[in-house]
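See below for the structure under consideration.
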Amino acid sequence: MNGEKMAGNDYNFAMIEKKWQERWKEQQLFKADDNDTSREKFYCLTMYPYPSGVLHMGHVINYTLGDVIVRYKLLRGYNVLSPMGWDSFGLPAENAARKQAKAALERGEEPIHPDRFTEDNIAHMTSQMERAGWGYDWSRELATSRPNYYRWTQWLFLLFYQNGLAEKKVAPVNWCDSCETVLANEQVLGDGTCERCGTVVVQHDLNQWFFKMSSYAQKLLDGHAELHGHWPEKVIKMQEEWIGRSEGAKVDFTVTETGESLPIFTTRPDTLWGVTFMSLAPEHPLIEKLVKGTEQEEKVLAAVRKMRAQSTSSRLTAEVEKEGVWTGFHVTNPVNGEQVPLWVANFALMTYGTGAVMSVPAHDQRDFEFARKYNLPVRVVIQRDDATLVVEEMTEAYEDPGAMTGSGPFSGRLNTEAMGDIIKWLKAEKHGEGTINYKLRDWLLSRQRYWGAPIPIIYCEKCGEVPVPMEQLPVELPMDVEFKEGGGNPLASCEKFVNTSCPQCGSAATRETDTMDTFVDSSWYFLRYCSPEFMEAPFDPKLVHKWMPVDLYIGGIEHATMHLIYCRFFTQVLHDLGYLEFTEPAKKLFCQGMVCKTAYYCENCKWLPEAKVTGGSKSEDTIIGGICAKCGGKVRSEMTKISKSKLNIVDPDAMMDRYGADCVRLYMLSDAPPDQQQVWSDARMQGSWRFLNRLWDVVTGAVEIIQGEQQEIPDNLDTESKALRQKTHASILKITDAIEGGFRFNTAISSVMELLNKVRSAKAVHTGVMREAVESMLILMAPIAPHFAEELWETLGHTTSIFQAAWPRADKSVAMGDEIEIPVQVNGKIKARLIVAPNLSKEELEKLALEEEAVQAAIQGCEIKKVIAVPGRIVNIAVK
RNA sequence: GCCGAAGUGGCGGAAUGGCAUACGCGCGGGUUUCAAAAACCCGUGAGGUUCACCUCGUGUGGGUUCGAAUCCCACCUUCGGCACCA
């Protein structure tokens, strides 16, 4: 059972782990008590998984961390809420159905429905989770694809709709050809590819559903104040950048020829007098309107089409050559009445500001490059103080502070100082006003796919867009729909679903066939866990009040600008609508590191599994100088995140078969702090295994000695017993600190190892001291290796679960010991060591240090300048 | 380009102003064994050496301090995020 590498007397993890998993289930160890008011609550949430069917190492580190903290908090006496559920809507289930639809039909079978696919996966992953020993209150389990959950997702959509926070509008949106759906801004990566599948996203103007998240930009930023110190600064920073606040002014230009208003946003109103042209985004609606019927219409529209065809991605990278076309029109600058040409430029973005940019080539690098390319004038209105800018000699824009020139009433003033006055002046002169702009856009939530929560809207010819009455929810997904590859959304072709009657007037109407982004589902699941059976609303306010906010949220940093923004947005909206008393969903956020392992790459055969690398020599866990078994080419190695595509995956099931769940859990936490990258190493896994077996041997070996009548620990212990007792108490202190001060389980584990080494080398210690050491080790290890600790706890004669024991309390004076070693330095070099009482005074330390023979020798013939004695730490003698 | 984090033995890492390299891995030696594995014990930063001793040593160069891996300045390297956002 234990695998070929294990010796015969290794502990039998398979039997033990099963036994305790069953006991915990019987005892309902992880049942959170809604009615308990005596214990403090602790809501520990780990990001729920998409039920792909199998656990991967990312899940293992995430859920192990959560479970260790849950068990630690149980030992500290908290009423812990540790729920688990499934992010079970989404493309893979639907794609699987489509993919095998044809083959199934040929066999005369129905393809596997996404619902069955999903539920089967959930069943399998649940058993994997139980096997890993992760403790959840399964009575609160939820799956977002079940009607009793998505009914409330729909309810929340309607709530947002009723409050003007959900709307359908035409906008330029991201379309992924491979996923056959639109995507939210947050789901398009920096390089313009789909976050899910890597396909380059294209832009279309489409009529889509949005949540008005942009109106929460400031609130989302303000909320960070509460999160500083409790969320990783990196995540807060990423959100700040994503929200992208910038202060500036809105200034009203007008189209000279037509008198139409054309507002712009600028952060540099101090350069308004240097405007020499205006740039419009290619998507700007004004372009078509203006050029219609003019002689340049064809030329302008052709250029605009070309610019729009460039994907978002290439438009967004700095290397792309600036391109533009003159519309034939001009705009009038309100500050000086000047008329400057109106251009269309590929670097102007419709999705930021007003889609129109005032161009000041002397003081903006983009405008400068554009002006030089199209021979547009450059005018200096900010002078540097160390030299004089001369337009003809400039090779780049001058963007630093300086004195304003040729700027009407502001000439002569330092631009940075005048900024506030300029904005006041603009307002007084009715040319514009100070304003704040954000990069954050509205959240595009509709998806042209089947496997999601249907958007509960009906379209009626008479009444228009009509929300489904809340009491008619859920709008259920029809089960008998047809899946076929490239067949579009099966909902749209399901007449039974589409055709309905108007809830207002009763006449024939059609349903919205788009479903919601799965990030909508996950924006409120933590609320549902508080009252999973509640049937009057998405959550029971009383229970949400009891459990929320989440005390600790654990998950990957990849959600920094997706899920973690969305769920904050939902929480703030629900707060503003009076449903929640708090504005932030999670008090503390912890992001675990990636699990990495060596991957191998051959120029010809691409990524290789380790088994396909031959020759070379193995150093640690990496083959160096190996050869590709397929083509004989050289293989290079790279330490990288475990992933299917790089063929360096580790199968958690196989590891648990071989070493047991406790050992895998222990290993995951042993090597590095959990927020750092973890390096997977089979060799080090063996180290964890050895440690568990040593501990097992020590405890089982100690049973006989300590099982007799319990002995009080006397005051006059022998030296060795005293030393062990001191180590025990010092370890408890150190381990508790390591966990409380940032979940540094790696140092906690090494402290237990040190204590174990001490116990092992102890010859004849007092049995009370031995019992204290051994029991402390077991409780300290219980969160990490729970089955193992339970079994030994029982072996020691305890009849209740170790998780009903209390976390050990350290006596600080015992932990300190009676004597400590104090190094004595001369000019910073150690010359001697003193063994003294820990509380020995500064004066006595100084005296003892100077009396030391080695110190005397070292300071012979020198003049003592200063003696620094730090009680309990060090003595340093500075000499000349 | 901008912002941030990090850089310590052969390796993962510990020490956050006071004994650098805890703990573990690996490696070397030993015990046990017919043998191997496992287990156990000892050793393991580099260089020197008069071997119970000395010198050097935490990316590089400076600085502050009695004392710096830790604080400050500059630089190098690696990783991460952002990047035509007006």
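Letters A, B, ... mirror the listed sequences (proteins, then strands); counts begin at 1.
- Ring orientation note: the planes of A:Trp680 and A:Tyr667 are nearly perpendicular, at an angle over 60° on the 30°/60° scale.
- Judged as a side chain to side chain contact (heavy atoms under 4.5 Å, CB included), and not counting sequence neighbours, the contacts of A:Glu821 are A:Arg833, A:Ile835.
- If you check distances only, the side chain of A:Lys322 does reach the base of B:rC84 with a donor-acceptor pair under 3.5 Å.
- A gap of 14 Å separates the P atoms of B:rG7 and B:rC72, to the nearest Å.
- Under 4.0 angstrom from either OP1 or OP2 of B:rG17 there lies no side-chain N or O belonging to A:Arg873.
- Distance from the side chain of A:Met753 is smallest for B:rG24 among the nucleotides B:rG24, B:rA86, B:rG18.
- In this model, a side-chain donor or acceptor of A:Arg684 finds a partner on the base of B:rC11 within 3.5 Å.
- Proximity of A:Asn746 to the phosphate of B:rA14: a side-chain N or O atom is located under 4.0 Å from OP1 or OP2.
- Glycosidic conformation of B:rC51 is syn; the angle stays within 90° of 0.
- Counting only heavy atoms from C-beta outward, the side chains of A:Arg245 and A:Leu221 approach each other to under 4.5 Å.
- The side chain of A:Arg760 sits closest to B:rC40 out of B:rG13, B:rC40, B:rC66.
- The gap from the P atom of B:rU21 to that of B:rA15 amounts to 13 Å, rounded to the nearest Å.
- Note that CZ of A:Phe370 and CZ of A:Phe347 are 5.5 Å apart. Values are rounded to the nearest 0.5 Å.
- Residue A:Gln365 places no side-chain N or O under 4.0 Å from the OP1 or OP2 atom of B:rC84.
- Annotation: B:rA20 and B:rC56 have their P atoms spaced 13 Å apart (nearest Å).
- Using a 4.0 Å cut-off on heavy atoms, none of the residues of residues 269-280 of chain A approach RNA chain B.
- The glycosidic torsion of B:rG9 lies within 90° of 0, which places this base in the syn conformation.
- Between A:Lys439 and B:rC85, a side-chain N or O to OP1/OP2 separation shorter than 4.0 Å is absent.
- Between B:rG26, B:rG24, B:rG13, one nucleotide has an atom nearer to the side chain of A:Pro673 than all others, and that is B:rG13.
- A:Ser246 comes within 4.0 angstrom of sugar-phosphate atoms only, judged by non-hydrogen atoms across all strands, and of no base.
- Partners of A:Phe590 according to the ring-ring contact (aromatic ring centres under 6.0 Å, His included) rule, which considers only residues two or more places apart in sequence or in another chain, are A:Phe743.
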